[in-house]
Number of protein chains: 4
Amino acid sequence: MGNTPQARRGDTRQRIQDVALELFAEQGYEKTSLREIAERLEVTKAALYYHFKTKEDILISLFQDLARPLDELLAWGRQQPRTLETKQELMRRYSVALESALPLFRFMQQNQAAMSHLRPGETLKDRMIALSDLLRDPSAPLIDQVRSLSAIFVMHTSLFAMQHLDAGPEEKQKAALEVALDLLAQAHPQERPGTPDAA
Amino acid sequence: MGNTPQARRGDTRQRIQDVALELFAEQGYEKTSLREIAERLEVTKAALYYHFKTKEDILISLFQDLARPLDELLAWGRQQPRTLETKQELMRRYSVALESALPLFRFMQQNQAAMSHLRPGETLKDRMIALSDLLRDPSAPLIDQVRSLSAIFVMHTSLFAMQHLDAGPEEKQKAALEVALDLLAQAHPQERPGTPDAA
Amino acid sequence: MGNTPQARRGDTRQRIQDVALELFAEQGYEKTSLREIAERLEVTKAALYYHFKTKEDILISLFQDLARPLDELLAWGRQQPRTLETKQELMRRYSVALESALPLFRFMQQNQAAMSHLRPGETLKDRMIALSDLLRDPSAPLIDQVRSLSAIFVMHTSLFAMQHLDAGPEEKQKAALEVALDLLAQAHPQERPGTPDAA
Amino acid sequence: MGNTPQARRGDTRQRIQDVALELFAEQGYEKTSLREIAERLEVTKAALYYHFKTKEDILISLFQDLARPLDELLAWGRQQPRTLETKQELMRRYSVALESALPLFRFMQQNQAAMSHLRPGETLKDRMIALSDLLRDPSAPLIDQVRSLSAIFVMHTSLFAMQHLDAGPEEKQKAALEVALDLLAQAHPQERPGTPDAA
DNA sequence: TATGAATGAGCGTTCATTCAT
DNA sequence: GATGAATGAACGCTCATTCAT
């Protein structure tokens, strides 16, 4: 049940996005043809054009859907005080976001090139810069700024570079988060939480 | 001298690689056509086929050339004792390698997808795994393994994610290296160099 | 009142024809898509198919509407005696018809090719031949037949070839009519109106 | 002999132009597909792209070739004194040019729409205006300017509107030329050749 | 009276590749 | 060591048209 033409009516747009995400993530945007997408959906190429004006439109629509959790995280972060605790909470929330956004990130990583021609504000890079601006203090020593930046990418590491590590996904994710939080803390030497400044 | 046909004789193969590297790094492998490469070199497409059997052959040849410093670094690392000092020295050498391999890395990052179909041992990912295997201790706590892995990617961060940071390239590189060395050291708590085991 | 959906109810067929005439005249039949027509009317393409069976049907309906004044002129002409005076009156009436049929003629000129596949009697060319048959005398010297034919096209000249002339539209039209009447008169040397045959 | 692949080598570009002219004239530019052209030449569509950058490029190349005699006529005309004799000679030469340019004119008439998007100077209309500027005197009475303009179009009439006339092509052409010369003469009342100005 | 959703055919164009010269 | 000429396959896209609702 579910796969008959009747059952699918009305959700074609969504199904196009699903298949496109899958294929773009797998093979990249350029290598994925509309024929491929259409065939997998058992519709014609022309049907895709009923729902999206161009191939790039599919890409953009995917990006917008997938970037929303990130945008919400950024919006939240901008309204918080710029304390270590905020930054660490940002990181924790980022960790959760990543968890449910693995396809997104696979997709984005494969398609940086394709997306780099889009209007500013429509790339992942813009979000990364925005996030890093919330984490680092431009007046701090450079090394501490690097620590803050690195925290972000340590999180990504857990998704992609640790695939061959012999441990469960949650464990890896938790470990990555810990390292990231550590880096953030090291970037705030005078304000370590739970550490009395004192003698 | 210079740009005349005569002066170029004999180095066409090299010139193809140069232009291809440039374009692949800029636009990605799929989006770069042989016509484009040929036009920029002011030769015909057919000329490219005298020097390379296929388009993919150009990609592979580039990768092999560019991966050599990395392979040499790995070969060196495998012959060293697995001490913290070795790992940190690996990192320092890696830092130097990266410095002169910025186009390589741009290229690789843009073309992960294109390269992922190649035979094992012909991808950047393989090198990264090999490098990480030299840095981490499989019997160590997971968090320390993550620290080791992260060190590598912190180095990359300095090349790509820090472009909008307000500092000179060498400064950034140095800061990234420091953070990376720090992470490696933290992954070896019982053996901090210069730190007596004490008590 | 005016442009609201309610005010438009019932006249959609007419509005389709108006927009189609405009676009066919501007860009030609082949280059004008039903999507374009539908968009300009703010209805869907399918709506066009409620009012017309095919795209060509729109073309034919336009032609029939627009050719009616011409057909009436021809019907009138056929019932008159074949005198110079009749011919000149035909020309005068043709001049008036053209005046109010500028879009028609733009449209016809752009779409001769598209209309040439239609059934006989459905082309502008048929009307032109019919008109010329009323004007020329098959037994007259060839040059006089040419004069008669030319009279028709001189009228067209005033609409299209004289656009860059520095004069008002009515002036041009009047001048063209004069030249045309002149040509008709020259084609009837023995019967110049107002010229006594006499000794 | 003649039609084998070997015999055709080297003249493909020309053959494309020939077939394209034929088909564009017959069916119009928009309705003629590159597939059709390629099939008639027994080559692939891609071969067309070796010789022309776009479909429009074929159109332009045709126009340029075909417009050359006209451009030469205009160049000659611009160097002559602006007398009636010059104008009549222009007309005679135009008549000859038309004779050998029937395909051109069929083609142009079918493709006015397609050509009207081209750059100025690349349309037939531009040539017509240039020619009419050589024939008419902007300070003359409007009716005489119309006579001069009409002369041009009378010539065209002989090619297209007289197809159903019962006479040989040369006869028709000669008759049309006579009418045209007449019109030019009537536009110069004070300077009729062979007519003494005198008392 | 219309629309939403889709189709099948075809379009102009570009691609990597081949091969005789 | 390279070119000129071409191919076959595929691409993104648009078209006129259909039909259940």
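Within every chain, numbering begins at 1; the chains are lettered A, B, ... in the order of the sequence lines, protein sequences first and strands thereafter. Note that the structure is predicted; figures quoted are calculated from it, not measured.
Nucleotide E:dA20 forms a Watson-Crick or G-U wobble pair with F:dT3, both donor-acceptor distances falling under 3.5 Å. Partner assigned to E:dG12 is F:dC11, using Watson-Crick or G-U wobble distances below 3.5 angstrom.
The distance between atom CD of A:Glu39 and atom C1' of F:dC11, rounded to the nearest whole Å, is 13 Å. For the pair A:Asp57 CG and F:dC13 C1', the interatomic distance rounds to 13 Å; values are reported in whole Å. Spacing between atom OH of D:Tyr29 and atom P of E:dC11 amounts to 13 Å, rounded to whole angstrom units. Atoms CG (B:Leu34) and C1' (F:dA9) sit 16 Å apart, rounded to a whole Å. The CD atom of D:Glu36 sits 18 Å away from the P atom of E:dA9 (whole-angstrom rounding). With rounding to whole Å, C:Leu23 atom CG is found 12 Å from F:dA16 atom P. The distance between atom CZ of B:Arg15 and atom C1' of F:dA2, rounded to the nearest whole Å, is 13 Å. Remark: P of E:dT17 and CG of B:Leu59 are 12 Å apart, rounded to the nearest angstrom.
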Worked check of side chain to side chain contact (heavy atoms under 4.5 Å, CB included) between D:Lys125 and D:Met115:
CA-CA 10 Å; D:Lys125 203 186 171 192; D:Met115 307 218 60; over 6 Å; no

Going through the distances and angles, do C:Ser61 and C:Arg13 end up as a side chain to side chain contact (heavy atoms under 4.5 Å, CB included)?
CA-CA 10 Å; C:Ser61 85; C:Arg13 196 190 142 92; 4.0 Å; yes

Under the criterion side chain to side chain contact (heavy atoms under 4.5 Å, CB included), I'd like the reasoning laid out for C:Phe24 against C:Arg106: C-alpha separation, chi angles, the key distance, then a yes or no.
CA-CA 9 Å; C:Phe24 289 171; C:Arg106 271 179 148 33; over 6 Å; no

Determine whether A:Arg40 and A:Glu22 satisfy the following criterion, salt bridge (Lys or Arg N to Asp or Glu O under 4.0 Å), listing intermediate values before the conclusion.
CA-CA 11 Å; A:Arg40 201 174 277 210; A:Glu22 197 177 334; 3.1 Å; yes

The test is side chain to side chain contact (heavy atoms under 4.5 Å, CB included); show your working for B:Ile58 and B:His51 and say whether it passes.
CA-CA 9 Å; B:Ile58 303 181; B:His51 296 281; over 6 Å; no

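Here the CD-OG1 distance, from C:Gln14 to C:Thr12, works out to 10.5 Å after rounding to the nearest 0.5 Å.
Side-chain proximity of A:Lys55 to the nucleotides E:dT13, F:dC13, E:dA16 is greatest for F:dC13.
Between A:Arg13 and D:Glu30, the one whose closest nucleotide on DNA chain E sits nearer the 5' end is A:Arg13. A residue-by-residue look at A:Glu56 and C:Thr54 shows that A:Glu56 has its nearest nucleotide of DNA chain F further toward the 5' end. Along DNA chain F, the nucleotide closest to A:Lys31 and the one closest to A:Lys53 are compared, and the more 5′ of them pairs with A:Lys31.
Under the 6.0 Å distance and 45° angle rule, B:Lys55 does not count as a cation-pi partner of B:Tyr49.
Within the structure, every side-chain polar atom (N or O) of A:Arg35 is placed at least 4.0 Å from both OP1 and OP2 of F:dG12. Under 4.0 angstrom from either OP1 or OP2 of E:dC11 there lies at least one side-chain N or O belonging to D:Ser33. Between A:Thr12 and E:dA6, a side-chain N or O to OP1/OP2 separation shorter than 4.0 Å is present.
Of the residues in residues 44-51 of chain D, those lying under 4.0 Å from DNA chain E by heavy-atom distance are D:Lys45, D:Ala46, D:Tyr49.
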